[in-house]
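What follows is a single structure, and I will ask about it in a moment.
Residues: numbered from 1 along the sequence shown.
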Amino acid sequence: MSAGLILAAPASGSGKTTITLGILRALARMGIPVRSGKSGPDYIDPRFHEAATGQPCLNLDAWAMTPERIKGIAWGDDLMLIEGAMGLFDGAPPDGRGATADLARHLGLPVVLIVDAASMAGSIAPLVAGFAGFAPDVRIGGVILNKVGSPRHETMLRHALEPMGIPVLGAVMRQTGIVTPSRHLGLVQAEERTDLEAFLDLAADHVAGSVDVDALTALAEPLPQARRTPIQPPAQSIAVARDRAFAFSYPHLLQDWQSAGAEVRLFSPLANDPIPEADLIYLPGGYPELYAGQLTGFIASLKSAAETTDIYGECGGYMVLGDGLTDAEGTRHEMAGLLRLETSFAKRKLHLGYRGVHAERGPFTGHWAAHEFHYATTLKAEGEPLFTAKDAEGNAQPPMGLRQGRAYGSFAHLIDPRS
């Protein structure tokens, strides 16, 4: 069934991730083929989705991708549930472009609104009415009440919503035992949780007992059929670092490179895997600052590889290419020394937002839509910049990244090329 549905919320913190995971795991346990998507440039939630379903979760980014690109990535044979980001209409400045609502428009899918009802009763009606009537081209197909305090509270909420005619698909009671721990970039990664399967099953038990899953899936509507044109790979063979320290690679990019004929070879720096022979070594973002002391062997092999192979690092991978990285406790770790870069987490500073970047040289030339999200402070960055940059509003930003010899990198997470 090539159909889809969007799960969104009025605001961040409404519990949509936990409910989405519970629904995904419940459907998978029922034997219903289901896959998932995530709105925006999120790396953490999609890995939890994949653990819940056993299927890749693809990022669908209405700021960085064209509508046709989104349709091509979303198209498939199974039911697709797409988890929104932030509030339904929250996007990039100045006009909110890239919001989950834009995905609903591009894909023509209804939205199930997950509402944190913990501190309201009758007031839920004008809230839902406001979202339902705000944009005629964004359809609210149903509501899930979350963090409900008691059966009496549920009755009050349902009574308030009844005149609106929007189906209430379930009421999920407050549950303190389902916890998604967090750190400075969001949730702890799925592969770091030793209780991951138990957590997903608990979420499925809790949600499936509270939500009418059959009624929810019945709201799904056909996805628009579109041809997916793969992005041309940056090299014919690409060695991609993949483990807890380098976890932030976009599945749609790796899939595109393979579909276009490139060979993608995964390896784990933390496991001291030898770097595979390749035309390009790709170091994604992640949490190298948490594992800096375990990367000594990898860094030595990276220095050797740089004599004959191009290396590209983004965010965490970029920091590893530098001279040194200081962790949150103030300890400095020697890095690869391939770029004149010093970074530190001892004094954190948030850098967040979409970026439009352009490079004349390196593996990723031309214009790219990108995203920056990190707390590292740059103590030193000397040399030739890699990218010119603009913010989401088109304002010029300082150049991003560095290039030196065969090493290239920046804090920008590249999402999709722009014409």
Is there a donor-acceptor pair closer than 3.5 Å between any side-chain N or O of Arg25 and the backbone N or O of Ala51?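 Present.
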Kindly check if the number of other-residue, nucleotide or ligand heavy atoms within 6.0 Å of NZ (Lys349) is above 12?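 No, not enclosed.
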Students often mix this up, so state it plainly: with edges at 30° and 60°, are the rings of Phe387 and Tyr312 parallel, tilted or perpendicular?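 Geometry flag for Tyr312 against Phe387: perpendicular rings.
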Show your reasoning for whether side chain to side chain donor-acceptor pair (under 3.5 Å) applies to Thr17 and Glu83. CA-CA 7 Å; Thr17 296; Glu83 181 191 349; 2.4 Å; yes
For the pair Lys38 and Glu50, find out whether any cationic side-chain nitrogen is under 4.0 Å from an anionic carboxylate oxygen.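 Salt bridge flag = no for Glu50 with Lys38.
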Ring centers of His371, His413 separated by less than 6.0 Å: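 Not close enough - the centres of the two rings lie 6.0 Å or further apart.
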Taking atom NE2 of His159 as the centre, does the number of heavy atoms from other residues, nucleotides or ligands within less than 6.0 Å exceed 12?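 At most 12 heavy atoms, drawn from other residues, nucleotides or ligands, come within 6.0 Å of this atom.
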Students often mix this up, so state it plainly: with edges at 30° and 60°, are the rings of Phe411 and Tyr318 parallel, tilted or perpendicular?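 Taking Tyr318 first and then Phe411, their aromatic rings stand perpendicular (interplane angle over 60°).
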Tyr291/Asp243 under side chain to side chain donor-acceptor pair (under 3.5 Å): CA gap, chis, key distance, verdict: CA-CA 11 Å; Tyr291 305 98; Asp243 56 25; over 6 Å; no
Parallel, tilted or perpendicular: rings of Phe373 and Tyr375 (30°, 60°):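 Answer is tilted, since the angle falls between 30° and 60°.
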Would you confirm whether His49, through its side chain, and Arg35, through its main-chain N or O, come within 3.5 Å as a donor-acceptor pair?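 No; zero donor-acceptor contacts below 3.5 Å.
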Is a donor on one side and an acceptor on the other found under 3.5 Å between the side chain of Arg348 and the backbone of His374?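 Side chain of Arg348 to backbone of His374: no pair is present.
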Met319 vs Phe345 side-chain heavy atoms within contact, under 4.5 Å: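 They are in side-chain contact.
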Charged N to carboxylate O under 4.0 angstrom, Asp256 versus Arg228?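 Yes, charged N to carboxylate O under 4.0 Å.
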Can you check whether Asp279's main-chain N or O pairs, donor with acceptor, with Ser237's side chain at less than 3.5 Å?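 Judged by distance alone, yes, a pair lies under 3.5 Å.
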Asp327 side chain to Thr331 backbone, donor-acceptor under 3.5 Å: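 Between the backbone of Thr331 and the side chain of Asp327 there is a qualifying donor-acceptor contact (under 3.5 Å).
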Any ion pair linking Arg97 and Asp102 (charged N to carboxylate O, less than 4.0 Å)?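 Salt bridge between Asp102 and Arg97, a charged N being under 4.0 Å from a carboxylate O: no.
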Would a 4.5 Å heavy-atom cut-off, applied to side chains only, mark Leu79 and Pro33 as touching?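 Answer no - side chains too far apart.
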Are the side chains of Leu414 and Val357 in contact, using a 4.5 Å heavy-atom criterion?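 In short, these two side chains touch, coming nearer than 4.5 Å.
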Determine whether Val240 and Leu254 make a side-chain contact, defined as any pair of heavy atoms from C-beta on separated by less than 4.5 Å.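 Counting from C-beta outward, Val240 and Leu254 do come under 4.5 Å.
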Residue pair Ala92 / Trp63: nearest heavy atoms and the distance that separates them: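 So the minimum-distance heavy-atom pair works out to CB-CD1, 3.8 Å.
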If you define the side chain from C-beta out and look only at heavy atoms, does anything of Leu216 sit under 4.5 Å from Leu7?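 Sidechains of Leu7 and Leu216: in contact.
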Quick one: are Leu270 and Leu295 in side-chain contact, heavy atoms under 4.5 Å?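 Yes; the side chains approach each other to less than 4.5 Å.
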Would you say CD of Glu162 has more than 12 non-hydrogen atoms from neighbouring residues, nucleotides or ligands within 6.0 angstrom?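 No, the 6.0 Å shell around CD holds no more than 12 heavy atoms from other groups.
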Sidechain N-carboxylate O distance under 4.0 Å for Arg242, Asp273: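 A salt bridge is absent here (no side-chain N lies under 4.0 Å from a carboxylate O).
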From His206 atom NE2 to Leu21 atom CG, the distance as rounded to the nearest 0.5 Å: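 Going from NE2 on His206 over to CG on Leu21, the span is 13.0 Å.
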Looking at Arg69, is its backbone amide N or carbonyl O close enough to the side chain of His106 to form a donor-acceptor pair, meaning the two atoms are under 3.5 Å apart?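 No; judged by distance alone, with no hydrogens or angles, the pair does not exist.
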Donor-acceptor pair, side chain of Arg105 and main chain of Asp137, under 3.5 angstrom: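 Not confirmed, Arg105 side chain does not pair with Asp137 backbone.
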Donor-acceptor pair, side chain of Asn59 and main chain of Asp42, under 3.5 angstrom: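 Here the side-chain-to-backbone pair exists.
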Can you tell me how far CG of Leu24 sits from SG of Cys57, rounded to the nearest 0.5 angstrom?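 If I round to the nearest 0.5 Å, the distance is 8.0 Å.
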Would you indicate whether the side-chain heavy atoms of Leu81 and Thr53 approach each other to under 4.5 Å?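 Side-chain contact under 4.5 Å: no.
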Sole candidate of Tyr408, Phe246, Phe267, Trp257 that passes ring-ring contact (aromatic ring centres under 6.0 Å, His included) when paired with Tyr282: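 That would be Trp257.
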